[in-house]
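A short worksheet on the structure shown next.
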Amino acid sequence: MEISVNLSTRFPHILSSPLPSSFSAVSSLPALRPSHNSATAAKTTITIVVKEQTPATALISRRNHKSNSYLSRKSAVLQVQQSSDLASSLQRFGGILKVQDLNAILRHFGEQNRWPDLSQLFNWMQQHGKTSVSSYSSYIKFLGKSLKPLKALEIYNNITDESTKTNVFICNSVLSCLVRNGKLDSGIKLFDKMKQNGLTPDAVTYNTLLTGCIKVKRGYSKALELVQELKHNGLQMDSVMYGILLAVCAANSLHEGAESYFNCMKDEGHSPNPFHYSSLLNAYSSVGNYEKADELVQEMKSSGLVPNKVILTTLLKVYVRGGLFDKSRELLAELDTLGYAEDEMPYCLLMDGLAKAGRLDEAKAVFSELQEKSVKSGKSPPLDDDLFLQDL
DNA sequence: GTAGGGTTAG
């Protein structure tokens, strides 16, 4: 079938109107671009060949339409991401961007640590009603990364919709933000409120809070309470959870507890990874139990894992704590050979142990060795949990 | 079309 259309009037209208869905246009639309020279344009007759739609061509048509729309949105996403003037580019492209596109830009800003752009975009999205659960969970996560837990709480507290406020992704994101910034007590208090409001916590929720127990006073007992609660809620311990618990035990010098979790984990069929091994080793270091440490490293090798820098440094710590200074020096030499002694940590471990044992000359000798090499150092201390409780 | 993970020093 072939029809002729006389485009004598109202070009823009014709061009902006979609063809009936039962037809697919074969002609090239750019040829229809209206001319400002109305004298010539008015006489233009264009032949459009149309074919009856079959299910197959209908599918292709939909795909092309979807693809074109996707491409233009994708282009707009890039324009906004690369724009030096976010406000004007949002004004220009914001209209065609879907919430998922804006979320992608939001994540991009977050991954690039572009904090001012991140907040500006989120504000725009809120003002234009273009947010979803994902927008909140991403934005709050990045507020945590940029050390702005108060801002995250403000965003969360301003959510009025009940189901959004108890959405597990958003709740986990807020709790993670607090824990990441050293606010475990505030996090646990907020967690209780969230449950009262209807949150059903999942394994991620508990792992998030358990992580906060590692570097905190009374962390072990808090962790035990959380474990009891998650089991009561029918959730199961997983490999990650065991990893966190081992770290909690190690941080509290509880080598028996660590051993017990390690064995439980294996009994339940989880294979320990280097993180599990290093935490248990670290727990052994608190009592200088080098026999068990050596045994564990052997077991690790037998399972096919190669001891890495952290494992060997932790083993050094065990030897030092156990007073095995000759063995320690041998291991330090091995670390050096492997290129694992480029920072000051292993030297500090050995010097500290020697000094505490009153072997100052030997400690000084290690210090001289350290000075001869170009070693690196540096790490900032974490933040304190201060006035957060009163905000909750 | 979103959230979470554990390791080494003082």
Side-chain angles (χ1 to χ4, degrees), chain A residues 98-107 110 131-145 152 156 164 167-180 187 199 201-215 223 237-251 258 261-262 265 270 272-286 293 300 305 307-321 331-332 335 340-353 355-356 370 375-379 381:
Chain A
K98 296 186 177 181
V99 174
Q100 68 218 53
D101 304 323
L102 293 159
N103 288 342
I105 301 170
L106 197 69
R107 290 193 299 274
T131 57
S132 65
V133 165
S134 308
S135 324
Y136 279 90
S137 58
S138 294
Y139 184 51
I140 290 168
K141 174 179 81 173
F142 289 119
L143 286 176
K145 263 187 76 179
Y156 178 72
T164 305
N167 176 281
V168 72
F169 286 88
I170 294 177
C171 289
N172 289 347
S173 198
V174 177
L175 294 175
S176 159
C177 173
L178 294 179
V179 163
R180 193 196 282 258
L199 165 70
D202 64 6
V204 175
T205 319
Y206 286 104
N207 282 342
T208 300
L209 294 172
L210 283 169
T211 302
C213 295
I214 296 171
K215 291 173 180 173
M237 304 273 289
D238 61 23
S239 177
V240 172
M241 213 170 269
Y242 278 116
I244 302 168
L245 289 170
L246 284 167
V248 171
C249 287
Y261 280 122
F262 193 79
M265 184 183 123
H270 303 289
N273 65 22
F275 290 94
H276 299 111
Y277 280 107
S278 78
S279 286
L280 182 53
L281 269 184
N282 197 24
Y284 287 146
S285 79
S286 61
M300 181 181 177
L305 293 170
N308 62 19
K309 178 179 169 179
V310 177
I311 294 286
L312 294 177
T313 305
T314 310
L315 184 61
L316 175 69
K317 185 175 160 184
V318 181
Y319 290 164
V320 168
R321 294 277 202 277
L331 185 52
L332 180 56
L335 279 162
Y340 293 164
E342 285 175 347
D343 61 51
E344 65 181 0
M345 200 183 292
Y347 298 95
C348 286
L349 281 168
L350 182 52
M351 278 191 294
D352 181 59
K356 280 175 180 162
L370 181 149
V375 293
K376 299 161 194 163
S377 68
K379 200 176 180 181

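This is a predicted model, so every value here is computed, not measured. In what follows, every chain begins at residue 1, and chains take the letters A, B, ... in the order their sequences are listed. Below, all heavy atoms of this structure are taken into account, side chains as well, without hydrogens, waters or symmetry copies.
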State whether [X] places a side-chain N or O below 4.0 Å from either non-bridging phosphate oxygen (OP1 or OP2) of [N].
X: Arg180(A); N: dG4(B); value: yes
X: Asn282(A); N: dT8(B); value: yes
X: Lys317(A); N: dT8(B); value: no

Between [N] ([atom2]) and [X] ([atom1]): distance, integer Å:
X: Ile311(A); N: dG6(B); atom1: CD1; atom2: P; result: 15 Å
X: Met265(A); N: dG6(B); atom1: CE; atom2: P; result: 15 Å
X: Leu106(A); N: dG1(B); atom1: CG; atom2: P; result: 13 Å
X: Leu175(A); N: dG5(B); atom1: CG; atom2: C1'; result: 15 Å
X: Asn273(A); N: dG6(B); atom1: CG; atom2: C1'; result: 8 Å
X: Tyr261(A); N: dG5(B); atom1: OH; atom2: C1'; result: 16 Å
X: Tyr284(A); N: dT8(B); atom1: OH; atom2: P; result: 16 Å
X: Leu350(A); N: dG10(B); atom1: CG; atom2: P; result: 12 Å

Touch class at under 4.0 angstrom, heavy-atom based, for [X] against every strand present:
X: Ser239(A); value: base
X: Asn167(A); value: nothing
X: Ile244(A); value: sugar-phosphate
X: Asp352(A); value: sugar-phosphate
X: Leu316(A); value: nothing

Discussion item. Would you say the base of dG6(B) stacks on Phe275(A) (centre-to-centre below 5.5 Å, plane angle below 30°)?
Written reply: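 A stacking contact exists, since Phe275(A) sits close and nearly parallel to the base ring of dG6(B).
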Which of these nucleotides, [options], is closest to any side-chain atom of [X]?
X: Ser173(A); options: dA3(B), dG1(B), dG10(B); result: dA3(B)
X: Ser279(A); options: dG4(B), dT8(B), dT7(B); result: dT7(B)
X: Asp238(A); options: dG4(B), dG5(B), dA3(B); result: dG4(B)
X: Val204(A); options: dG6(B), dG10(B), dA3(B); result: dA3(B)
X: Ser134(A); options: dA9(B), dG1(B), dT8(B); result: dG1(B)

Worksheet item: Between Ser239(A) and Asn273(A), is any side-chain donor less than 3.5 angstrom from a side-chain acceptor?
Response: no
Worksheet entry | Non-hydrogen side-chain atoms of Val310(A) and Pro274(A) separated by less than 4.5 Å |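 A side-chain contact is absent here, since even the closest heavy-atom pair is not under 4.5 Å.
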Worksheet entry | Any residue meeting side-chain contact (heavy atoms from CB on, under 4.5 Å) with Cys171(A), in chain and number order, not counting sequence neighbours | Tyr156(A), Met194(A), Leu199(A)
Practice prompt. Could you walk me through whether Thr205(A) and Asp202(A) pass side chain to side chain donor-acceptor pair (under 3.5 Å), step by step?
Written response: CA-CA 5 Å; Thr205(A) 319; Asp202(A) 64 6; 2.8 Å; yes
Worksheet item: Would you find a donor on one side and an acceptor on the other, under 3.5 Å apart, between the side chain of Ser173(A) and the backbone of Ile170(A)?
Response: no
Fill in: Rounded distance (nearest 0.5 Å) linking atom CE of Met300(A) with atom NE2 of His276(A)
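Rounded to the nearest 0.5 Å, the CE-NE2 separation comes to 11.5 Å.
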